[in-house]
Asks: 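Structure below; questions to follow.
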2 protein chains.
Amino acid sequence: MTTANYQKHHCPIAQAMAELGDQWTLLIVRDALLAGRSRFSEFQESLGISRNLLTLRLTKLCDAGIFERVPIAGSKRHAYVPTQKCRALRVVILAMGEWAEKWANDPHIHHLDVLEKTTGQPVTVGFFRREDGTIVEPDAVDIVRHGNQKPDHGGKDLS
Amino acid sequence: MTTANYQKHHCPIAQAMAELGDQWTLLIVRDALLAGRSRFSEFQESLGISRNLLTLRLTKLCDAGIFERVPIAGSKRHAYVPTQKCRALRVVILAMGEWAEKWANDPHIHHLDVLEKTTGQPVTVGFFRREDGTIVEPDAVDIVRHGNQKPDHGGKDLS
DNA sequence: TCATAAAGTTCAAAAACTGAACTGAATTTG
DNA sequence: CAAATTCAGTTCAGTTTTTGAACTTTATGA
């Protein structure tokens with residue numbers, strides 16, 4: 001399935017995969033959001049990704065509006081700064097992190113704490129919530145595509 | 001970065017990427033969880049993935065305990081059935097979906113409704129919450145590794 | 001000024017992925 | 001019951017991606 005094919009399906013998951021679905025992209029985002037890295041060489045050293053591929057990935061991420069190339073004051077070099085679109089991936093990253101903490105079988109896996117900036121108080125990641133803010137248990141939700149009440153269908157396309 | 005390298009870092013995000021980080025895996029999971037697909041040929045037709053690669057991916061997913069090969073009653077063929085570990089990816093998938101609906105620039109993107117089963121009321125996916133249950137805005141949180149109060153550091157490793 | 005670092009580019013080799021044909025059961029159809 | 005079709009793969013040649021290493025070109029630092 002090419003990027004063109006993803007687009008054709010108009011499925012949000014497929015679209016997300018078209019922008020994020022390779023080995024490196026989400027690790028670059030992680031480095032930016034969780035470790036504050038922003039320079040080419042910081043990503044390169046941290047990840048061990050090959051330099052030409054990192055160039056490609058950062059270019060794609062900038063084109064997608066996930067990072068912004070920002071000139072560094074008093075220098076002609078620049079930083080790759082996460083945009084709001086990038087910061088919006090925080091929930092995705094944390095969902096993956098919590099999943100791995102629970103399900104990956106690495107006994108030495110690290111724990112990611114989420115803290116409120118102003119107070120430093122721990123915050124929990126919740127996943128399903130009603131409009132009034134109350135919590136809904138994961139098993140108590142259905143997922144339906146727009147205009148279709150059945151969660152599973154017999155047709156070929158998903159969205 | 002090889003799988004071995006991912007493991008070495010003990011970072012939950014890296015671990016998640018080691019299990020899920022390619023073009024197809026999360027789309028297979030999506031097909032299973034949101035469309036109820038479970039057979040080799042269902043995945044193959046839906047995704048257009050090449051058959052040998054699908055074999056590889058399904059084998060890896062079974063080895064990782066994300067799918068289970070279940071014999072079909074009255075047949076010698078089998079189905080790939082999502083395990084609890086797989087169903088736990090629902091929130092990851094939905095978080096990605098909500099992100100794409102908001103940020104991907106496809107004007108025809110489909111909407112995934114998440115509804116409470118009992119009432120049919122829409123539910124929001126992914127949020128941060130204080131101990132008293134009040135909601136924290138996404139930008140108002142920091143993510144830190146266990147045992148380290150600083151969100152950004154000068155060292156080399158992330159977790 | 002000279003040396004080093006930062007941010008790439010270039011290129012050959014290796015690995016992954018695709019698409020198509022092939023195989024051997026299982027199932028359906030006539 | 002025999003023949004045709006479907007299912008769940010396997011095999012393999014060709015293409016595309018990714019890697020790893022060397023190279024370039026501006027900056028910055030001593």
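A, B, ... follow the sequence lines: proteins, then strands. Residue 1 opens every chain.
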Asks: Does a side-chain N or O from A/W24 land closer than 4.0 Å to OP1 or OP2 of D/dT17, or not?
Replies: no
Asks: Just to verify, what does B/R90 make a salt bridge (charged side-chain N to carboxylate O under 4.0 Å, His left out) with, not counting sequence neighbours?
Replies: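 Partners of B/R90 under the salt bridge (charged side-chain N to carboxylate O under 4.0 Å, His left out) test: none.
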Asks: Rounded to whole angstroms, how far apart are CD on A/Q23 and P on D/dT19?
Replies: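 For the pair A/Q23 CD and D/dT19 P, the rounded distance is 7 Å.
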Asks: Name all residues meeting the salt bridge (charged side-chain N to carboxylate O under 4.0 Å, His left out) criterion together with B/R39; count only those two or more places apart in sequence or in a different chain, and write none if there are none.
Replies: none
Asks: Just by distance, with hydrogens left out, do B/T55 and B/N52 show a side-chain donor and acceptor under 3.5 Å apart?
Replies: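 B/T55 vs B/N52: no donor-acceptor pair found between side chains.
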Asks: Could you state the atom-to-atom distance from CD of B/Q44 to P of C/dA21 in whole Å?
Replies: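 Those two atoms, CD and P, are 14 Å apart.
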Asks: Does any donor-acceptor pair link the side chain of B/N52 with the base of C/dT18 at a separation under 3.5 Å?
Replies: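 Under the 3.5 Å cut-off, the side chain and the base do form a donor-acceptor pair.
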Asks: Specify the separation, in whole Å, of atom CG of B/L53 and atom C1' of D/dT17.
Replies: 13 Å
Asks: For A/Y80, which residues count as a ring-ring contact (aromatic ring centres under 6.0 Å, His included) partner, sequence neighbours excluded?
Replies: A/H78
Asks: Could you list who else is in B/V81's hydrophobic cluster, with ILVMFWY side chains joined at under 4.5 Å, directly or through other members?
Replies: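 Direct or chained contacts put B/V81 with B/V70.
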Asks: Expressed as a whole number of angstroms, how long is the span from B/R57:CZ to C/dT18:P?
Replies: 9 Å
Asks: Could you pull out the protein-nucleic contacts involving nucleotides 6-8 of chain D (nitrogen or oxygen on both sides, under 3.5 Å)?
Replies:
| from | atom 1 | to | atom 2 | distance (Å) |
| --- | --- | --- | --- | --- |
| D/dT6 | O2 | B/R77 | NH2 | 3.4 |
| D/dC7 | O4' | B/R77 | NH1 | 3.1 |
| D/dC7 | O4' | B/R77 | NH2 | 3.3 |
| D/dC7 | O3' | B/R39 | NH2 | 3.3 |
| D/dA8 | OP1 | B/R39 | NE | 2.5 |
| D/dA8 | OP1 | B/R39 | NH2 | 2.4 |
| D/dA8 | OP2 | B/S41 | N | 3.4 |
| D/dA8 | OP2 | B/S41 | OG | 2.9 |
| D/dA8 | N7 | B/R51 | NH2 | 2.9 |

Asks: To the nearest angstrom, how far is A/L56 atom CG from D/dT18 atom P?
Replies: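 In whole Å, D/dT18 P lies 8 Å from A/L56 CG.
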Asks: What is the distance, rounded to the nearest whole Å, between atom CG of B/L58 and atom P of D/dG9?
Replies: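 For the pair B/L58 CG and D/dG9 P, the rounded distance is 8 Å.
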Asks: Do any pairs count as a side chain to side chain donor-acceptor pair (under 3.5 Å) and have a residue in residues 91-104 of chain A, sequence neighbours left out, and if so which ones?
Replies: A/E101-A/H111
Asks: Round to a whole Å and report the spacing from CG of B/L54 to C1' of C/dA16.
Replies: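 Whole-Å distance recorded here is 15 Å.
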Asks: Using whole Å, report how far CG of A/D22 lies from C1' of C/dC17.
Replies: 14 Å
